[in-house]
Amino acid sequence: MGGLAVETVQWAKARGAGLVVEDLQFIHDRDVSAKFNRVTHQFNYRALLTAVERQAAREGVALRKVKPAYTSIIGRFKYQPQYGMSVHHAAALVIGRRGGLKVRRENVPKALRLWMQDRDQWNDPTYRKNDWSAWARIKRIMTKTLASHHQYLSAWLGYRKTLFSE
């Protein structure tokens, strides 16, 4: 992991760029439950992030941590169909936009917004407190809609045209 961290920081330094990572909080690391299993499984990721942070500090490369909230959801519904990439790459794009471009708000795509128009309370401005609540709402409604078609959220890209034509 140390070698990978050095390679990553050297790559960024050679291009005069900074690094953007998710600010993940690994809590309950001494719990003996299903949560403990997830956290210990994520140990390698935490070790890699720590190594990259240390190496970036040594080399003077800027490193910014951003909140990981709704990155996968925004990536799935906004950038995956637009650029034809995987959900993970689309989530990485959202993380990069938050950190590098300092994008504070991700607007809902027009096609999805039009599809959501006739859904309950979508147009009520008092209902949406912030942008993340809009994305949480999209996830909730889309999950229910796909479940009615006997599909999971991961099948959204394949059912997108079918759903929008309904």
Exercise for the section: Please identify each residue that fulfils salt bridge (charged side-chain N to carboxylate O under 4.0 Å, His left out) with K67, with sequence neighbours left out. Expected result: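 Scan of K67 (salt bridge (charged side-chain N to carboxylate O under 4.0 Å, His left out), adjacent residues dropped) gives none.
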
Quick one: do [X] and [Y] end up in the same hydrophobic cluster if we chain Ile, Leu, Val, Met, Phe, Trp and Tyr together by side-chain heavy atoms under 4.5 Å apart?
| X | Y | value |
| --- | --- | --- |
| I74 | L93 | yes |
| V108 | I73 | yes |
| M142 | V87 | no |
| V21 | I95 | no |
| V52 | W11 | no |

In Å, rounded to the nearest 0.5 Å, how long is the span from [atom1] of [X] to [atom2] of [Y]?
| X | Y | atom1 | atom2 | result |
| --- | --- | --- | --- | --- |
| T71 | R76 | OG1 | CZ | 11.0 Å |
| L48 | L4 | CG | CG | 5.5 Å |
| M1 | L49 | CE | CG | 10.5 Å |
| E106 | F77 | CD | CZ | 14.0 Å |

Exercise for the section: Check V61 against L19 and note the closest heavy-atom contact, atom names and distance. Expected result: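 Looking at all heavy atoms of both residues, the shortest contact is CG1-CG, 4.4 Å.
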
Practice task
Could you tell me which non-hydrogen atom of A90 sits nearest to which non-hydrogen atom of Q80, and how far apart they are?
Solution key: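 Heavy atoms of A90 and Q80 come nearest at CB-N, 4.0 Å.
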
Problem - E7 atom CD: more than 12 heavy-atom contacts under 6.0 Å - result: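 Count not over threshold, so no.
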
Practice task
Could you tell me whether the side chain of V20 reaches within less than 4.5 Å of the side chain of R98, counting heavy atoms only?
Solution key: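 Not touching, per the 4.5 Å side-chain cut-off.
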
